[in-house]
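Heads up, the thing below is written out as structure tokens.
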Amino acid sequence: MDNDTKSALERAQAHAARYLDSLAERRVGPALDFEALMATLDGPLPATGEDPAAVIDALAAAAEPGLVASTGPRYFGFVTGGSLPAALAANWLVDAWDQNGALNIMSPGTAAIEAVAGRWFKEAIGLPDTATVGFTTGCTMANAAGIAAGRHALLARAGWDVEADGLFGAPEIDVVVGDEVHSSVSGTLQLLGLGRERVIRIPADGQGRMEPGALHAALAGGTKPALVCAQLGNVNTGACDDMEAIADACEAAGAWLHVDGAFGLWAAASPQLSHLVAGVERADSWATDAHKWLNVPYDGGIVAVRDAAAHRATMTQSGAYLIRAGSAPDGMEYVPDASRRVRGVPVYAALRALGRDGLAALIEGNCARARQFAARMEAEDAIEVLNKVALNQVLVRFVGGGSPAADDALTNQVIAAVQADGTAWFGGTVWQGKAAMRVSVSNWRTGEADIDRAADAVIACYRERL
Ligand SMILES: *Cc1c(COP(=O)(O)O)cnc(C)c1O
């Protein structure tokens, strides 16, 4: 290896090791905010270059006070997984190999690893083994690919080639979403020309699940081909749509059923929890994240589609120089990208390191830790848990302010105080008109003691504010 590469990698490894060693005890939130960091970092492009190892030292030192320990055990913000050791190390290899995953001929080695990763994913979740799999940047692009495949199939049945001719003048289709649809699906609809607002919204129940009866009625009363987007894992409550009932309604209407299962889909990998997503295998397309609950480093998502031809038709680009090798599908056929990072490689490493039992233990362990946290909160007189803790999400509200508005203010003050304290990190949300602290347990590192430390910190911050 040349000396520049060697010394830069050695510096990166030393900084990475120091960072990972700090995770158990470091402050979870950042020490400095964006503005403070820019005040010291910003400046003109240097006129002359620098030694690579010195660049790595400088950037590590500069970023350090602004890093968030989201890969550590007491970060409960958004839905953010950590990094399994094998997945993190596999990502380093992906960087060193620097393969282009567009075509199999560019890297048969990583193409084969990705093909196996796709197969293992389908086995873990219980999806049809003939479904095609693409590795995307995240669940948003996985939603885009799955919904685009549905758009293709519905319009092809109506005699319209949407990839060639676009949507102008096309037969209309109905897009049906639950009232608690994630912004990612809405963002995808705006990108695909289906319209973020031009949807039929189905009412949701108290936990955020689409009402299957209302879906059935909407589909039965509709006259156009329908594309239904269900959700597994509400970002606030963790609730999962009733897949059997939704699949029944879609089947009766001949609708395409897409599942946004960014994190909730992984419940299928647990014998204890798979009943929450029973019937998921009956859908037509599935989208999920690897960087959330599978604990693969950012970034990575997965799309699977039952109808291989629809998947391929909607994503494939063609050109004389795009040389096919053999009959196996190429990585670029199932994702919006052409040149692409081989994101299936860390997925392979994660699934191989966990195995079926380790994956189930990861998912079940996080859910048990979520119940542990909820129990600590419920044991306090004036702290409420707003959701039914079915999965890994908990919504906490601090009361005692004297009025709903005062409780909203108190809840937001406690969240800010906990973030400033640094023992743990939680974000805020609004659930059914009430401010709440949002808790997501999605990290393989989070143990019982971390939950107790985080709960102690939250309760202390709350009592100080009373
Ligand atoms: C996170 C999330 C998404 C978007 O996934 P990205 O990886 O951020 O693109 C979509 N749907 C749900 C339910 C999510 O939680």
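Every number for a ligand or one of its atoms is a count from 1 in the order of the listing. Along the sequence shown, residues are numbered consecutively beginning with 1.
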Option among Ile451, Thr446, Asp450, Leu23 that satisfies the side chain to side chain contact (heavy atoms under 4.5 Å, CB included) test with Arg74 | Asp450
Do [X] and [Y] sit within salt-bridge range, that is, some charged N less than 4.0 Å from a carboxylate O?
{"X": "Glu172", "Y": "Arg198", "answer": "yes"}
{"X": "Lys434", "Y": "Asp408", "answer": "no"}
{"X": "Arg209", "Y": "Asp242", "answer": "no"}
{"X": "Glu244", "Y": "Arg282", "answer": "yes"}

Please determine which of Phe78, Tyr75, Phe373 meets the ring-ring contact (aromatic ring centres under 6.0 Å, His included) test together with Phe426.
-> Phe373
Can you report which non-hydrogen protein atom sits closest to [atom], along with the distance?
{"atom": "atom 11 (N) of ligand 1", "result": "Asp260 OD2, 2.8 Å"}
{"atom": "atom 2 (C) of ligand 1", "result": "Lys292 NZ, 2.3 Å"}
{"atom": "atom 9 (O) of ligand 1", "result": "Thr140 OG1, 2.6 Å"}

Please check if the distance between the ring centroids of Phe76 and Trp425 is under 6.0 Å.
-> no
Would you call [X] a ligand 1 contact, heavy-atom distance under 4.0 Å?
{"X": "Gly233", "value": "yes"}
{"X": "His291", "value": "yes"}
{"X": "Val235", "value": "yes"}

Please report whether ligand 1 has a polar contact with [X], defined as an N or O pair separated by less than 3.5 Å (distance criterion only).
{"X": "Asn143", "value": "no"}
{"X": "Ser184", "value": "no"}
{"X": "Cys139", "value": "yes"}

For [X], take its heavy atoms, then give the atoms of ligand 1 lying under 4.0 Å from any of them.
{"X": "Phe263", "answer": "15 (O)"}
{"X": "Asp289", "answer": "1 (C), 5 (O), 6 (P), 7 (O)"}
{"X": "Ala262", "answer": "2 (C), 3 (C), 10 (C), 11 (N), 12 (C), 13 (C), 14 (C), 15 (O)"}

Ile415 CD1 to Arg438 CZ distance, which is reported to the nearest 0.5 Å = 11.0 Å
Proximity to ligand 1 by part of Phe78, non-hydrogen separation under 4.0 Å | neither
Report yes if some heavy atom in the side chain of Asn443 is under 4.5 Å from a heavy atom in the side chain of Asn366; otherwise report no.
-> no
